[in-house]
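A short write-up of the structure that comes next.
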Amino acid sequence: MKSVYFVAAMLFFSFCSTAQQFVDKAEIEFEVNTNVKKNMSNNSWDEMMKESLSELKTSYWTYSFTDNKSLFKFNRWSEKTRIPKNEKDQDEEKSWYYDFNTNSMSSQKQVVGSTIVISDSIAPIEWRITNENREIAGYNCRKAVGKIFGDVYIFAFYTDDITISGGPCSINGLPGMILGLTIPRLYTSYIATKVNLTVTNPTEIKPITAKKMFSNLEFRTLIEDKTKDWWSYGNDEEEKKREKNVFLWNAFL
């Protein structure tokens with residue numbers, strides 16, 4: 001009889017140790033890669049610039065979350081990255097705060113020479129979940145296909161083991177945390193490299209504020225007004241349209 005109890009106890013503890021463990025706070029490191037040269041135009045100036053640039057712009061970002069609130073911000077550059085200082089400064093200024101309890105967000109971006117803070121509700125993303133799976137940073141993830149800016153497709157891998165419905169930049173809305181993300185039309189990918197189950201500085205996870213705040217609509221109007229003449233030169237209409245879209249998609253991401 002004792003042996004029966006012993007086996008039952010061992011099975012119970014084995015079940016408990018292998019039961020799904022849900023993560024409700026963590027720090028996640030993302031490696032972000034962008035093919036710089038493919039995002040550039042084919043004019044003579046850009047063609048000359050390409051010679052001094054690295055093929056990839058590689059950086060590392062930190063996604064911290066607790067209490068269903070998150071902060072995504074720049075951490076460091078890869079030593080292999082060679083891009084102009086002003087482009088580095090723009091990325092280093094960026095950050096995104098999301099409060100999924102109140103469906104609100106705020107973000108900071110450096111665009112057209114100004115640092116701008118946006119505060120608004122969380123914009124919904126149209127998702128289609130597939131049956132494809134992949135392991136990322138030790139977590140089993142499921143693939144989903146989304147659409148942003150009307151016709152820009154994105155491909156995400158999320159895990160429901162991490163309970164927050166978040167992801168890099170402004171990408172969110174799946175039933176779990178996005179650990180892998182690809183935006184083909186921006187030649188950019190985000191991949192989680194490690195998940196730390198403690199949050200180093202939870203007090204940093206707070207709304208981003210400024211004296212002047214913009215809604216998403218106000219921000220879009222501002223950017224389109226400031227850049228309205230940028231693509232008025234040249235004869236290649238398709239190339240001008242592509243350059244404009246790449247700029248705006250990066251600004252609004």
Side-chain angles (χ1 to χ4, degrees), residues 27-64 70-98 105-118 148-149 152 154 166-171 178-194 196 200-201 204-206 208-210 212 214 219-220 222-224 226-227 230-231 242-253:
E27 279 185 356
I28 305 170
E29 180 183 83
F30 281 90
E31 181 180 284
V32 183
N33 284 290
T34 299
N35 191 311
V36 179
K37 296 181 180 180
K38 286 187 177 181
N39 268 325
M40 297 173 73
S41 73
N42 57 9
N43 63 44
S44 57
W45 173 255
D46 276 8
E47 287 298 327
M48 184 175 64
M49 282 285 293
K50 287 176 184 178
E51 297 178 7
S52 63
L53 304 177
S54 55
E55 190 79 21
L56 293 178
K57 177 178 74 173
T58 302
S59 55
Y60 295 87
W61 295 66
T62 303
Y63 186 98
S64 306
S70 67
L71 180 67
F72 185 65
K73 66 176 185 176
F74 176 85
N75 183 292
R76 69 190 188 278
W77 291 104
S78 164
E79 294 179 357
K80 297 179 180 179
T81 297
R82 299 192 316 277
I83 59 172
K85 184 180 183 301
N86 67 302
E87 292 190 24
K88 283 189 172 183
D89 291 342
Q90 288 175 15
D91 277 4
E92 291 170 17
E93 286 287 325
K94 292 178 181 178
S95 57
W96 289 260
Y97 167 82
Y98 275 70
M105 58 75 67
S106 55
S107 63
Q108 176 176 287
K109 302 175 183 182
Q110 189 186 95
V111 188
V112 292
S114 301
T115 299
I116 295 170
V117 174
I118 302 139
I148 57 176
F149 311 135
V152 178
I154 58 177
C169 304
S170 60
I171 308 303
I178 296 169
L179 296 182
L181 175 68
T182 303
I183 309 176
R185 291 176 76 177
L186 291 178
Y187 302 102
T188 299
S189 66
Y190 303 75
I191 189 77
T193 57
K194 58 184 176 183
N196 184 351
T200 305
N201 193 353
E204 284 190 349
I205 305 173
K206 60 183 179 181
I208 304 162
T209 59
K212 171 64 176 174
F214 293 82
F219 175 60
R220 185 180 188 92
L222 173 72
I223 295 304
E224 290 182 342
K226 282 183 174 288
T227 62
W230 284 18
W231 297 278
R242 187 195 72 83
E243 290 177 34
K244 180 179 180 180
N245 283 338
V246 167
F247 175 84
L248 293 176
W249 294 336
N250 273 305
F252 300 142
L253 187 60

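Listed by chain and residue number, nothing satisfies the side chain to side chain donor-acceptor pair (under 3.5 Å) test with Lys38 (two or more places apart in sequence, or in another chain). With sequence neighbours left out, Lys109 forms a salt bridge (Lys or Arg N to Asp or Glu O under 4.0 Å) with no residue at all. Scored by the side chain to side chain donor-acceptor pair (under 3.5 Å) test, Thr62 finds Asn75 as partners (sequence neighbours excluded).
Between the OG1 atom in Thr34 and the CG atom in Leu56 there is a gap of 8.0 Å [rounded to 0.5 Å]. The line from CZ of Phe219 to CZ of Phe214 is 9.0 Å long, rounded to the nearest 0.5 Å. Annotation: the span from Asn35 atom CG to Lys37 atom NZ amounts to 8.5 Å, rounded to 0.5 Å. Separating the NZ atom in Lys73 from the CD atom in Glu204 is a distance of 3.5 Å, to the nearest 0.5 Å. In this structure, the separation between NZ on Lys94 and OG on Ser59 is 9.0 Å, given to the nearest 0.5 Å. To the nearest 0.5 angstrom, Glu87 atom CD is 11.0 Å from Thr81 atom OG1.
In summary, of the residues considered (Pro168, Cys169, Ser107), a side chain to side chain contact (heavy atoms under 4.5 Å, CB included) with Leu253 occurs for Cys169 alone. Partner of Tyr60 under the side-chain hydrogen bond (donor to acceptor under 3.5 Å, both in side chains) criterion, chosen from Arg76, Glu31, Glu29: Glu31.
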Stepwise, does the side chain to side chain contact (heavy atoms under 4.5 Å, CB included) test hold for Ser70 with Trp96?
CA-CA 8 Å; Ser70 67; Trp96 289 260; over 6 Å; no
Please assess Trp230 against Phe247 for the test ring-ring contact (aromatic ring centres under 6.0 Å, His included), listing each intermediate value before the final yes or no.
CA-CA 11 Å; Trp230 284 18; Phe247 175 84; 5.2 Å; yes
Give the C-alpha distance, both sets of side-chain angles, the deciding distance and a yes or no for salt bridge (charged side-chain N to carboxylate O under 4.0 Å, His left out) between Lys88 and Glu92.
CA-CA 6 Å; Lys88 283 189 172 183; Glu92 291 170 17; over 6 Å; no
Hey, mind stepping through Phe252 and Ile223 against side chain to side chain contact (heavy atoms under 4.5 Å, CB included) and telling me if it holds?
CA-CA 9 Å; Phe252 300 142; Ile223 295 304; 4.3 Å; yes
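The backbone N or O of Thr200 sits less than 3.5 Å from a side-chain atom of Glu27, completing a donor-acceptor pair. At least one donor-acceptor pair under 3.5 Å links the side chain of Ser106 to the backbone N or O of Ile208. In terms of modelled atom types and a separation under 3.5 Å, the side chain of Ser114 and the main chain of Ile116 share no donor-acceptor contact. Although no hydrogens or angles enter the test, the distance criterion places a donor-acceptor pair under 3.5 Å between the side chain of Gln108 and the main chain of Glu93.
Ile148 has its side chain within reach of Ile171: a pair of non-hydrogen atoms, C-beta onward, lies under 4.5 Å apart. For the pair Trp61 and Tyr190, the minimum side-chain heavy-atom distance is 4.5 Å or more. Looking at Val117 and Thr209, their side chains never come closer than 4.5 Å, going by heavy atoms from C-beta outward. Between Phe30 and Leu181 there is no side-chain heavy-atom pair separated by less than 4.5 Å.
Across every non-hydrogen atom of Ile83 and Trp77, the tightest pair is CD1-CH2, 3.9 Å. Between Ile205 and Leu71, the shortest heavy-atom distance links the atoms CG2-N, 4.2 Å. When all heavy atoms of Tyr187 and Asn39 are compared, the closest pair comes out as CD1-OD1, 3.4 Å. Considering every non-hydrogen atom in both Asp91 and Lys57, the closest pair reads OD2-NZ, 3.0 Å.
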